[in-house]
Number of protein chains: 2
Amino acid sequence: MATPQLTKNQTLVMDALSHSEGPMSAYTILDKLRDHGFRAPLQVYRALDKLLEYGLVHRLESLNAFVACSCPHDHEHDHGVTAFTICEGCGQVTEFHDEAIEQRLSALTRAQSFKTEKTTIEIRGHCQSCA
Amino acid sequence: MATPQLTKNQTLVMDALSHSEGPMSAYTILDKLRDHGFRAPLQVYRALDKLLEYGLVHRLESLNAFVACSCPHDHEHDHGVTAFTICEGCGQVTEFHDEAIEQRLSALTRAQSFKTEKTTIEIRGHCQSCA
DNA sequence: GCAATAATGTAATGTTATTACATCAATTGC
DNA sequence: GCAATTGATGTAATAACATTACATTATTGC
């Protein structure tokens with residue numbers, strides 16, 4: 001998916017997430033953007049939907065929150081499975097990719113003829129500093 | 001964790017989940033148990049907390065829903081990482097465990113000195129019948 | 001029995017996400 | 001140009017999921 005030019009709202013949400021230390025909930029984003037004219041949750045959710053579609057943002061299911069993708073390269077191509085470690089102490093989220101896990105999951109789903117559309121891997125715990 | 005005798009509410013929630021085809025949200029469980037005297041969400045959430053703690057129930061983060069553990073054996077010991085395939089078509093959830101993935105994740109987290117407390121692996125897609 | 005602990009009941013509230021509907025802007029086809 | 005379509009936006013209301021606070025009842029250990 002080639003990323004099209006972002007709209008005004010999408011840019012605002014993307015910037016908010018990019019400049020944030022950690023993940024943000026949709027409502028936290030909303031609050032950050034009130035000064036920029038945001039009034040309702042839907043403005044955030046609509047922007048997030050697109051950003052997720054473009055692969056610029058990830059949703060953390062276990063937090064009901066969102067983070068900017070940390071991949072440095074462009075988002076023209078799919079990165080396969082994305083996994084996260086999430087520190088309960090400081091909230092730090094680290095994104096990583098692993099070919100071995102990807103292949104193993106692929107083999108397991110193929111064995112049950114399951115057609116994968118989206119894979120969620122989230123590891124909650126404590127980072128080195130917070131252990 | 002040795003599973004203690006379940007209380008009345010825990011038993012009701014456990015039975016509701018065990019007899020269900022697929023995952024249920026806390027509020028769906030609440031509705032099912034109104035006839036048995038349940039009036040408020042907290043009654044469900046409290047029971048679920050214990051059942052999760054005992055390992056009798058799993059929470060599906062990407063659905064905000066709960067399923068009975070499908071492991072046949074007793075729950076005296078930890079089963080390590082639990083993963084799920086979740087069919088978007090029929091709602092069927094299949095639980096599985098894989099030593100290889102577990103070890104790979106363990107190696108990756110160890111490399112960043114991350115102390116894992118809970119691992120979520122959920123694969124959304126379509127099962128063979130619904131593909 | 002009595003104190004301590006665990007479980008329960010109830011109400012209120014907080015948080016996350018969606019539906020419905022109206023308006024506005026950009027693009028396309030003619 | 002201009003109607004028609006499409007995509008983005010604005011706003012309100014509501015639905016869905018989860019927790020806090022506080023009172024009461026049941027169970028357990030002594």
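Note that the structure is predicted; figures quoted are calculated from it, not measured.
- The shortest non-hydrogen separation linking His97(A) to Cys71(A) is NE2-SG, 3.7 Å.
- Note on Lys8(B): every side-chain N or O is 4.0 Å or more away from OP1 and OP2 of dA26(D).
- Between Gln43(A) and the phosphate of dT9(D), there is no side-chain N or O to OP1/OP2 separation shorter than 4.0 Å.
- Closest approach to the Tyr45(A) side chain among dT18(C), dT10(C), dC17(D) is made by dT18(C) (side chain taken as heavy atoms from C-beta onward).
- Residue Leu48(A) contributes atom CG, which lies 14 Å from atom P of dA8(D) at whole-angstrom precision.
- Side-chain atoms of Glu61(A) and Thr120(A) form no donor-acceptor pair, as typed in the model, at a separation below 3.5 Å.
- Contact detail for Pro23(B) and Gly91(B): the closest heavy-atom pair is CD-O, 3.4 Å.
- Counting to the nearest Å, the C1' atom of dA15(D) and the CG atom of Asp31(B) are 13 Å from each other.
- Taking atom CG of residue Leu30(B) and atom P of nucleotide dT8(C), one finds them 15 Å apart after rounding to whole Å.
- We find that NE2 of His36(A) is positioned 15 Å from P of dT9(D), with the value rounded to whole Å.
- Between Glu122(A) and Arg59(A), the shortest heavy-atom contact is OE2-O, 3.9 Å.
- Remark: P of dT28(D) and CD of Gln5(B) are 10 Å apart, rounded to the nearest angstrom.
- In the set dA18(D), dA17(C), dG9(C), dA18(D) carries the atom at the smallest distance from any side-chain atom of Arg59(B).
- The number of heavy-atom neighbours closer than 6.0 Å to NZ of Lys118(A), taken from other residues, nucleotides and ligands shown, is above 12.
- Candidate nucleotides dT8(C), dA7(C), dT11(D) were compared by shortest atom distance to the side chain of Arg39(A), and dT11(D) ranks first.
- dA20(C) atom P lies 13 Å from atom CG of Leu42(A), rounded to whole Å.
- At a threshold of 4.5 Å between side-chain heavy atoms, the hydrophobic network of Ile, Leu, Val, Met, Phe, Trp and Tyr places Leu60(A) and Phe96(A) in two separate groups.
- The overall bend of the helix from dG1(C)-dC30(D) to dC30(C)-dG1(D), read as the angle between its terminal helix axes built from five base pairs each, is 30° when rounded to 10 degrees.
- At dA17(C), none of the side-chain N or O atoms of Asn64(B) fall inside 4.0 Å of OP1 or OP2 (strictly under the cut-off).
- Across dT20(D), dT18(C), dT16(C), the shortest atom-to-atom separation from the side chain of Ser25(A) is found for dT16(C).
- Note on Phe114(A) and Ile121(A): same hydrophobic cluster, where clusters join Ile, Leu, Val, Met, Phe, Trp and Tyr whose side-chain heavy atoms are under 4.5 Å apart, directly or indirectly.
- Counting to the nearest Å, the C1' atom of dA16(D) and the CG atom of Leu60(B) are 17 Å from each other.
- Residues Phe38(A) and Ala65(B) both approach DNA chain D. Their nearest nucleotides, taken by heavy-atom distance, put Phe38(A) toward the 5′ side.
- Both geometric conditions, a ring-centre gap below 5.5 Å and a plane tilt below 30°, are fulfilled for Tyr27(B) over the base of dC17(D).
- Counting atom types as modelled, Arg46(A) pairs a side-chain N or O with a base atom of dG10(D) as donor and acceptor under 3.5 Å.
- Proximity of Thr7(B) to the phosphate of dT8(C): a side-chain N or O atom is located under 4.0 Å from OP1 or OP2.
- Note on Lys50(A): a side-chain N or O is less than 4.0 Å away from OP1 or OP2 of dA8(D).
- In this structure, Leu63(A) atom CG and dC17(D) atom P are separated by 18 Å, rounded to whole Å.
- Ion pairing between Arg46(A) and Asp49(A) fails under the 4.0 Å rule for side-chain N and carboxylate O.
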